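Reminder, nothing fancy here: chain letters follow the sequence lines and each chain counts from 1. Every value quoted in this text rests on a predicted model; they were computed, and no experiment measured them.
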Amino acid sequence: MPLRLFDTIAREKVELVPREPGKLSMYVCGPTVYDVPHVGHGRTATTFDVIRRYLEWRGFAVTFVSNVTDVEDKIIARAATTGSTEPEIAAVFEAAYWEQLDRLDVRRPDHVPHATEYIASMQALITELVDRGHAYVVEGQGVYYDVVTFPSYGALPHRSLEQLLESAGARVEVDDAKRNPVDFALWKAAKPGEPVWDSPWGPGRPGWHIECSAMSLDLLGEGFDVHGGGDDLAFPHHENERAQAEGAGHAFARHWIHSAMVQVGGEKMSKSLGNFTTLAEALDAHGPRAFRMAVLQAHYRRAIELGDAELGSAAAAVDRLDALVRRAQAAGITASTADEVAIARFRDAMDDDFSTPAAMAVVFDAVSAAHQAITDGDHARVASMLATVASLTGAVGLDLAAAETGGDAEVDALVARRNDARANRDFAAADAIRDDLAARGIVLEDTAGGTIWHRA
RNA sequence: GGCGGUGUAGCCGAGUGGCUCAGGCAAGGGUCUGCAAAACCCUGGACGCGGGUUCAAUUCCCGCCACCGCCUCCA
């Protein structure tokens with residue numbers, strides 16, 4: 001069965017045929033590092049981490065690139081208000097970004113290009129666009145893309161040039177320097193106090209969109225396979241990237257994937273609305289695995305809430321996974337060979353536009369089967385289901401936590417004392433020890449194979 | 001205004017023209033346990049509203065209502 005994904009341009013599920021057999025190249029737009037990451041960044045990063053991991057589990061050699069925008073208006077503004085420099089601001093918040101993504105077990109990209117490292121590539125691209133008549137220079141202002149010269153402009157958001165021209169300016173003031181309201185800056189002339197690079201068009205800095213065109217082509221080459229990002233980037237950012245790359249004569253991304261937003265009370269989570277929760281807060285409160293589980297239990301193209309209720313529920317779901325591992329561990333059962341039927345069901349679900357909710361249903365079906373098998377004493381089946389669960393959760397980057405029996409001498413000693421008390425039928429003493437441990441976040445479970453414990 | 005999306009049981013969230021209508025969380029009852037915890041068994045209940053097509057619609061078509069996203073920076 002072919003692997004299909006919902007391509008934003010095609011507006012339907014299409015088969016993913018790699019540029020080179022067995023290899024996939026992906027570019028995903030990363031953050032502008034001017035503030036700490038919020039829950040929305042976490043969702044997008046997790047979504048594409050899951051896709052990347054699944055594609056690798058599926059056998060593809062994936063080259064995954066995700067950029068960091070380290071020169072941009074908001075970084076400049078932040079530097080100005082805090083009295084620090086743009087590179088300092090970018091460094092601080094990029095570090096904060098990776099810190100949280102590491103907690104989430106999002107794998108680092110193969111390449112993390114920074115805008116400031118690719119100025120020369122961007123300038124080469126802009127020069128090509130000017131030479132080909134797709135861009136024009138406005139003295140003292142910068143270089144703009146002449147959108148009417150790119151016939152397919154609007155293909156990504158599925159809007160005609162007429163529609164775009166009509167609605168442009170509806171929400172934002174039009175810059176008089178531009179020939180058309182939809183034209184966008186490729187190069188911005190220097191203003192006092194801003195970071196500056198020399199260029200054929202005078203000192204200045206790149207527009208936002210050009211960096212992704214230049215960096216993706218430099219690192220992944222002509223006609224790379226997949227370009228992704230949050231769906232708020234589809235227009236204008238991604239459409240502009242496409243116009244820049246193709247206008248300069250390059251074959252650009254062959255497929256586009258966009259992941260949906262995180263909402264708060266039914267509205268998009270965003271800095272401007274002030275309704276965001278930082279990723280650090282969310283991970284502190286419910287744990288990174290609960291976050292990943294919550295993301296997995298909804299489809300990536302659907303807007304979701306990721307508040308306390310949702311993350312709390314997901315944390316309980318993760319605990320059901322862990323409980324299986326603990327129970328099997330206590331029974332002395334280790335994983336054997338994964339069940340082929342379940343593996344196939346999982347693959348079918350994931351191959352259908354990365355349907356992680358259906359895929360997780362397969363996982364939980366295996367969890368239930370394993371629990372039933374333990375209850376029934378069918379150890380061979382437990383071993384197989386355990387292998388299945390481990391393989392499938394691993395495919396989407398979700399780790400399983402084993403019981404910590406033997407991992408902490410003090411706790412183990414208390415557990416032993418409690419079991420002595422139980423043997424003597426001194427249940428008051430036994431319960432006192434259990435309550436004491438519970439207060440420290442340690443949960444005991446008495447199984448046929450002995451008492452095991454884990455942290456809540 | 002333009003383009004697009006969504007409305008499913010207490011909550012989250014898949015999916016399908018009919019076959020016991022995923023999965024997770026929560027709730028009630030039972031089993032196990034000294035009591036718990038974990039687990040197992042059982043239970044309830046759903047497809048925004050109004051039409052239409054059909055033997056049969058939550059699923060297709062039309063209309064309506066509500067909510068959301070993009071059209072500005074944004075993951």
Touch class at under 4.0 angstrom, heavy-atom based, for Val362(A) against every strand present: nothing

Distance, C1' atom - from G7(B) to A46(B), rounded to whole angstrom: 12 Å

Gap between atoms CE and C1', on Met261(A) and G4(B) respectively (whole Å): 14 Å

Value in whole Å for how far the P atom of A75(B) lies from CG of Asp49(A): 18 Å

Sugar-phosphate only, base, or nothing, as touched by Pro37(A) at under 4.0 Å among non-hydrogen atoms: nothing

Atom C1', compared across G1(B) and C61(B): separation rounded to whole Å: 27 Å

Sugar-phosphate, base or nothing in reach of Ile374(A), heavy atoms under 4.0 Å: nothing

Span that lies between the C1' atom of A57(B) and that of G15(B), in whole angstrom: 14 Å

Nearest-angstrom distance from the residue atom CD1 of Ile257(A) to P of A75(B): 19 Å

Candidates C71(B), A75(B), G23(B) - which lies nearest the side chain of Leu233(A): A75(B)

Touch class at under 4.0 angstrom, heavy-atom based, for Ala309(A) against every strand present: nothing

Atom pair distance, as rounded to whole Å: CZ in Arg159(A) and P in G2(B): 13 Å

Rounded distance in Å between the C1' positions of A26(B) and G44(B): 13 Å

C1'-based separation of A27(B) from U20(B) [nearest Å]: 22 Å

Salt bridge present between Arg418(A) and Asp446(A) (N-O < 4.0 angstrom): yes

Candidates G2(B), C12(B), G69(B) - which lies nearest the side chain of Glu267(A): G69(B)

Ring-face cation contact, Tyr34(A) with Lys271(A), 6.0 Å cut, 45° max: yes

Sugar-phosphate only, base, or nothing, as touched by Met293(A) at under 4.0 Å among non-hydrogen atoms: nothing

Pairing string, 5' to 3', for RNA chain B - Watson-Crick or wobble contacts under 3.5 Å, brackets [ ] where pairs cross, | to another strand: (((((((..(((.....[....))).(((((.......)))))....(((((..]....))))))))))))....

Touch class at under 4.0 angstrom, heavy-atom based, for Gly312(A) against every strand present: nothing

Sugar-phosphate, base or nothing in reach of Gly40(A), heavy atoms under 4.0 Å: base

Touch class at under 4.0 angstrom, heavy-atom based, for His38(A) against every strand present: base

Integer angstrom distance from the P of A66(B) to that of G23(B): 35 Å

Phe364(A) CZ to C12(B) C1', straight-line distance once rounded to whole Å: 13 Å

Polar contact flag, side-chain donor to acceptor under 3.5 angstrom, Glu211(A)-Thr69(A): yes

Sugar-phosphate, base or nothing in reach of Lys268(A), heavy atoms under 4.0 Å: base

Side-chain H-bond candidate by donor/acceptor type, Gln100(A) with Arg103(A), under 3.5 Å: yes

Selected nucleotide, minimal atom distance to Arg302(A) side chain, candidates G7(B), A75(B), C25(B): G7(B)

Separation of A75(B) C1' from Glu94(A) CD (nearest whole Å): 15 Å

With Thr149(A) via side-chain hydrogen bond (donor to acceptor under 3.5 Å, both in side chains) - residues at least two apart: His134(A)

Sequence neighbours excluded, every pair satisfying ring pair (Phe, Tyr, Trp, His ring centres under 6.0 Å) that has a member inside residues 339-367 of chain A: Trp57(A)-Phe346(A)

Proximal nucleotide (of C3(B), G69(B), C25(B)) relative to the Asp231(A) side chain: G69(B)

Nearest-angstrom distance from the residue atom CG of Leu273(A) to P of U72(B): 17 Å

Euclidean distance, atom CZ of residue Phe354(A) to atom P of A14(B) [Å, nearest integer]: 17 Å

Pairwise ring pair (Phe, Tyr, Trp, His ring centres under 6.0 Å) hits with a residue in residues 279-310 of chain A, at least two apart: none

Closest to the Pro357(A) side chain, choosing from C25(B), A22(B), U72(B): A22(B)

Distance, P atom - from A56(B) to U16(B), rounded to whole angstrom: 22 Å

Closest-nucleotide 5' rank along RNA chain B - winner of Arg301(A) and Glu305(A): Arg301(A)

Contact nearer the 5' end of RNA chain B, comparing Gln263(A) with His41(A): Gln263(A)

Contact pattern, 5' to 3', of nucleotides 32-40 of chain B - B, S or - by protein heavy atom under 4.0 Å: --BBBBSSS

Nearest-nucleotide pick for Gln163(A), side chain only, options being G24(B), G2(B), A75(B): G2(B)

Whole-Å P distance, A9(B) and C49(B): 11 Å

Parallel, tilted or perpendicular: ring planes of His41(A) versus Tyr97(A), cut at 30 and 60 degrees: perpendicular

Axial cation check for Phe6(A) ring with Arg301(A), 6.0 Å and 45° limits: yes

Residue pair Arg320(A) / Ser368(A), side-chain donor-acceptor N/O under 3.5 Å: yes

All side-chain hydrogen bond (donor to acceptor under 3.5 Å, both in side chains) counterparts of His258(A), not counting sequence neighbours: Thr8(A), His238(A)

Between Thr388(A) and Asp339(A): side-chain donor-acceptor atoms closer than 3.5 Å: no

